[in-house]
Amino acid sequence: MSSTGFPFLKSGYTVYANHLCPFSMHVRRALKAVGATHQTVEIDLSNKPSWYSQVNPKLLVPALRTPDGTVVTESMGIIEHVVGAFPSSKLIPEDPAQRTRLYDFINIIDSRFRPSVYKSLMASDPDAQKASIDLALSAVREASKALEDQWALPGSNGGPFWLDARFGFAEIVLSSSVSVLGVLRHYRGVEIPDTQAYAAFLCWYSAFKSDPLFTEFEPDFEEQVVTFKKIVA
């Protein structure tokens, strides 16, 4: 414990996280991807330490303490800060048009796919479940088309990641949110159709699921199933 009353790494970054929180996983992947010197402090969400309010008064995870003592508390803001602090990592495109395409892709998953998956799990009415699942699948088709378009750009090698051959910003920000498909399959029996409309998405999904940056921080599937059971209707 430091003299401030909460633990942190004096010579690097400290991420306060919970291993089951997808947003925490995203931040931990970002730190690993750029090679930042850091330590992870696990926060028990059911029994948060009294000192954590000094780090984040909202008591949410993740939070990041930077080497100069600044604390960043929103996962996307944290990731953008980390990537910006290590520009040589080249995890995000410099070209404005490329960045716009990247953020449009992220928005498909964050604004349409992920909320629909959660709604399908929380709904008790079969019709409401189906409506949410249909919306989630529609978002997957849209994401698949965006991947096709990205891989068809001049100079692209055709995937399998957003930036071709490497696990980058898109995968850091989205992979744990997308991996909830396993939970959706478990509780609702949903499978992504193996058709052309979903082909690029399935290629991308398979690639990031087997990448070390994903597997190192992804919790055990059975643990995820138990965690999601709390919200499943």
Side-chain angles (χ1 to χ4, degrees), residues 1-92 106 109-110 114-115 117-118 166-180 182-183 208-231:
M1 189 76 69
S2 72
S3 60
T4 61
F6 59 87
F8 67 87
L9 183 65
K10 292 182 180 179
S11 58
Y13 293 85
T14 304
V15 58
Y16 304 88
N18 179 274
H19 73 287
L20 285 170
C21 168
F23 303 107
S24 293
M25 298 174 216
H26 299 165
V27 170
R28 294 181 69 192
R29 289 188 181 106
L31 289 163
K32 181 68 178 285
V34 301
T37 300
H38 69 282
Q39 73 169 9
T40 300
V41 177
E42 178 76 8
I43 301 298
D44 183 346
L45 299 182
S46 64
N47 185 26
K48 295 167 186 171
S50 58
W51 52 258
Y52 192 54
S53 61
Q54 298 177 57
V55 177
N56 184 2
K58 293 182 179 179
L59 298 177
L60 301 175
V61 295
L64 182 77
R65 186 189 186 277
T66 69
D68 68 3
T70 301
V71 175
V72 190
T73 58
E74 295 292 337
S75 61
M76 181 63 86
I78 293 171
I79 295 167
E80 290 174 334
H81 175 91
V82 169
V83 171
F86 293 84
S88 61
S89 66
K90 298 187 182 300
L91 290 173
I92 191 167
I106 290 170
I109 302 298
D110 272 350
R114 185 165 55 85
V117 169
Y118 277 77
R166 62 179 306 208
F167 195 105
F169 191 88
E171 291 75 33
I172 287 168
V173 171
L174 297 175
S175 56
S176 285
S177 296
V178 174
S179 72
V180 75
V183 175
F208 79 63
K209 286 271 287 184
S210 61
D211 191 277
L213 267 176
F214 177 82
T215 58
E216 180 174 350
F217 301 107
E218 190 72 0
D220 178 76
F221 179 67
E222 291 305 319
E223 194 173 10
Q224 294 181 59
V225 167
V226 171
T227 299
F228 272 91
K229 189 175 182 180
K230 300 170 186 175
I231 69 165

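- Distance check, rounded to the nearest 0.5 Å: OG1 of Thr40 to CG of Leu31 gives 7.0 Å.
- Glu223 and Pro219 make their closest contact through OE1-CB, 4.2 Å (heavy atoms, listed as atom of the first residue, atom of the second, distance).
- The side chain to side chain donor-acceptor pair (under 3.5 Å) with His19 is formed by just one residue from the set Glu42, Glu218, Arg28; it is Glu42.
- In terms of heavy atoms, Ser176 sits closest to Ser179 at O-OG, 3.0 Å.
- The shortest side-chain heavy-atom distance between Val178 and Phe208 falls under the 4.5 Å cut-off.
- To the nearest 0.5 Å, the span separating CZ on Phe217 from CE on Met25 amounts to 11.0 Å.
- The two atoms that bring Thr14 and Pro7 nearest to each other are CG2-O, 4.1 Å, heavy atoms only.
- Contact of the Thr66 side chain with the His81 side chain is registered, since non-hydrogen atoms from C-beta on lie closer than 4.5 Å.
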**Request:** Starting from the C-alpha separation in whole Å, work towards a yes-or-no answer on side-chain contact (heavy atoms from CB on, under 4.5 Å) for Arg65 and Val55.
**Result:** CA-CA 8 Å; Arg65 186 189 186 277; Val55 177; 5.9 Å; no
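- In this structure the side chain of His26 reaches within 4.5 angstrom of the side chain of Ile79, judged on heavy atoms.
- Here the CD1 atom belonging to Ile106 is positioned 4.5 Å from the CE atom belonging to Met76, to the nearest 0.5 angstrom.
- Between Ser175 and Arg29, the shortest heavy-atom contact is OG-NH1, 3.4 Å.
- In this structure, the separation between CG on Asp220 and OG1 on Thr227 is 10.0 Å, given to the nearest 0.5 Å.
- Summarising the geometry, atom OG belonging to Ser75 is positioned 12.0 Å from atom CD1 belonging to Ile172; distances are rounded to the nearest 0.5 Å.
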**Message:** Test side-chain contact (heavy atoms from CB on, under 4.5 Å) on Phe23 and Glu74; report intermediate values, then the result.
**Reply:** CA-CA 9 Å; Phe23 303 107; Glu74 295 292 337; over 6 Å; no
**Item:** Steps toward side-chain contact (heavy atoms from CB on, under 4.5 Å) verdict (Val34, Leu91)
**Value:** CA-CA 8 Å; Val34 301; Leu91 290 173; 3.6 Å; yes
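- In this structure, the side chains of Leu9 and Thr37 come closer than 4.5 Å at one or more pairs of heavy atoms.
- In this structure, the separation between NZ on Lys32 and NE2 on His38 is 7.5 Å, given to the nearest 0.5 Å.
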**Arg114 vs Val180, side-chain contact (heavy atoms from CB on, under 4.5 Å): CA-CA, chis, key distance, verdict** = CA-CA 8 Å; Arg114 185 165 55 85; Val180 75; 5.7 Å; no
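- In this structure, Leu59 and Tyr52 have side chains that are in contact, with non-hydrogen atoms separated by less than 4.5 Å.
- Scanning all heavy atoms of the two residues, the minimum distance from Val82 to Leu64 falls at CG2-CD2, 3.8 Å.
- Classified by interplanar angle (parallel below 30°, tilted 30° to 60°, perpendicular above 60°), the ring pair Tyr13/Phe86 is tilted.
- Between Tyr16 and Phe6, the angle of the ring planes goes over 60°, which puts this pair in the perpendicular group of the 30/60° scheme.
- Contact of the Thr215 side chain with the Ser210 side chain is not registered, since no non-hydrogen atoms from C-beta on lie closer than 4.5 Å.
- A pairwise comparison of heavy atoms in Val173 and Ser177 identifies O-OG, 4.4 Å as the closest pair.
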